[in-house]
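Take a look at the structure below.
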Amino acid sequence: MTTTHARTTPPMISTGEATAILPTETTAPIKVIGTEAIRETFDDLCIQQAINSRTAPGVTDVVLNPDAHCGYGAPVGCVMVSPSHVYPGPVGVDIKCSMSLLQLDVPADVIEDRKTRRALIAAICKRTPTGAGKGQRSVPNGRRVNRTLGMQAVIEGASESVCEQLGIPSNWADRCEDSFHVGHDDTRDALASRLDWLTDQRHMTNFSDKMTQLGSYGGGNHFGECEVVEIGDDDRSKSVAETFGLRDGKVAFLSHCGSRGFGHNLASGQFKALQEKFSRWNIPLPAGDRQLVYAPLGSEEANHYLDDMALGANFATVNHLLINALVLEAFQEVIPGTTGDLVYFISHNIARKEIVNNVPSWVHRKGATRAFPGGHHALVGTPFAHTGHPILLPGNPRDGSAVMVADEGAEQSCFSVNHGAGRVLGRKQAKRTLDQSTIDSELEDHDILSNCRFYPKDEAPAAYKDFNEVLASVKKAGLASEVARLKARFVIKDASKADD
DNA sequence: ATGTCC
């Protein structure tokens with residue numbers, strides 16, 4: 001269901017970060033994707049952030065997705081389009097936070113045994129650590145990611161050389177939304193010189209060491225999850241699933257992570273630098289919100305941001321592919337002879353250069369997933385030219401996650417859908433109100449194992465919106481169709497703060 | 001999201 005949101009009597013809000021009085025007439029409506037039940041989940045600050053984003057300089061389109069909630073400047077769960085400006089805040093602190101899905105040839109009954117699943121959890125955790133500050137442990141072929149290889153990875157992304165050195169199958173690069181990112185001038189040289197400068201500037205902050213965190217999950221909402229694939233009964237789902245490489249009734253592995261401390265350092269450095277310049281040069285902040293600082297394309301500031309975003313994006317890309325290679329290796333250790341292939345790797349925190357309404361623009365997806373349907377010009381030459389690419393949407397362990405494919409209607413949302421269920425309880429609120437034993441026994445009832453002794457309360461299914469209602473919003477709006485559901489069998493998350 | 005303020 002789509003509606004347009006155009007407030008005539010906007011609220012005044014104070015967030016501590018921003019105080020904004022909105023103009024009484026917004027310049028153009030914000031497209032809102034959501035059923036009535038979903039629209040009730042948007043709180044005032046979330047709507048306010050969407051309006052702030054819409055009225056910010058150079059912005060031509062804003063879409064609010066059903067999973068939207070408060071973010072940094074712009075809501076998490078929105079799309080913001082500009083042909084003339086880049087906005088670091090609405091890309092976010094975790095540059096190129098993404099989803100990836102690895103399809104294995106293991107039938108579901110092979111992992112029915114809890115001991116096998118426990119062994120898989122141990123084998124995966126041994127290779128791909130979770131938690132803040134935790135770096136990579138080991139890589140295939142016994143090679144470690146040293147600083148030199150880390151630098152090559154963030155400059156080149158998933159190049160043939162980087163993949164070869166890390167034991168990443170070379171054909172996986174074809175299964176990426178973008179397997180590498182280049183600098184503001186479309187060259188790698190720009191990234192190399194920017195990295196030199198950053199390394200020199202930030203040598204006191206262990207900046208270079210963060211590159212060795214390739215192959216790790218981190219914390220928060222990041223996770224690895226073992227799934228059983230359930231392909232939809234209809235002919236289209238079966239046919240699209242075949243193109244995607246999905247295998248009904250077999251095991252798959254879904255991962256959610258981003259650019260770790262490396263991307264965080266780049267993003268927060270940009271926020272700080274731009275906020276200082278706005279202040280020094282007395283430039284008005286969009287809606288008075290310093291989280292919405294921007295840089296006009298062509299400026300030195302925009303060039304630096306685009307270079308930093310590309311470096312962070314390359315980290316996230318190699319990070320995901322390495323994790324998938326390590327997970328495959330773990331499966332092979334526990335279940336000898338296992339084979340697997342990447343289904344897709346797709347981001348939900350990135351700005352991409354795309355054509356919107358015939359205008360080349362930067363499409364900022366902040367907690368939003370690209371959704372190009374079959375026949376889209378940008379998919380020509382990819383395995384998904386005729387079907388549209390896989391859309392990977394994490395839901396929750398109880399209700400499952402989803403693989404979708406875009407429909408023609410996706411054009412109305414700037415070729416974007418949601419990025420998951422979306423938070424409905426804040427972390428503090430979830431920790432205060434949810435009951436630990438209820439969360440753990442619910443997972444136990446579904447026979448879902450975890451590396452956590454106690455599942456983090458602020459990550460419990462109840463802390464998120466109703467995933468089926470979120471998906472219904474996307475389907476009813478004609479944006480995308482469900483191809484398969486992924487049912488969790490075990491979850492790997494950062495357990496270090498679970499008992500807060 | 002993040003060695004959760006270098």
Spacing between [X] atom [atom1] and [N] atom [atom2], to the nearest angstrom:
{"X": "A/Lys272", "N": "B/dT4", "atom1": "NZ", "atom2": "C1'", "result": "17 Å"}
{"X": "A/Phe315", "N": "B/dT2", "atom1": "CZ", "atom2": "P", "result": "10 Å"}
{"X": "A/Arg427", "N": "B/dT2", "atom1": "CZ", "atom2": "P", "result": "10 Å"}
{"X": "A/Phe271", "N": "B/dC5", "atom1": "CZ", "atom2": "P", "result": "14 Å"}
{"X": "A/His264", "N": "B/dC5", "atom1": "NE2", "atom2": "P", "result": "8 Å"}
{"X": "A/Asn349", "N": "B/dT2", "atom1": "CG", "atom2": "C1'", "result": "14 Å"}
{"X": "A/Asn265", "N": "B/dC5", "atom1": "CG", "atom2": "P", "result": "14 Å"}
{"X": "A/Gln201", "N": "B/dC6", "atom1": "CD", "atom2": "P", "result": "16 Å"}

In terms of ring plane angle, is the pair A/Phe331 and A/Phe490 parallel, tilted or perpendicular, where the classes change at 30° and 60°?
-> parallel
How are the rings of A/Tyr294 and A/Tyr87 set relative to one another: parallel (under 30°), tilted (30 to 60°) or perpendicular (over 60°)?
-> tilted
Contact nearer the 5' end of DNA chain B, comparing A/Met204 with A/Asp209 = A/Asp209
Answer with base, sugar-phosphate or nothing: what part of the nucleic acid does [X] contact at a heavy-atom distance below 4.0 Å?
{"X": "A/Gly218", "value": "sugar-phosphate"}
{"X": "A/Gly219", "value": "sugar-phosphate"}
{"X": "A/Gly261", "value": "sugar-phosphate"}

Test item: side-chain donor near acceptor, A/Thr317 and A/Lys96, under 3.5 Å | yes
Verify the distance criterion only: is there a donor paired with an acceptor across the side chains of A/His419 and A/Asp67 at less than 3.5 Å?
-> yes
Can a side chain N or O of A/Arg260 be found less than 4.0 Å away from OP1 or OP2 on B/dT2?
-> yes
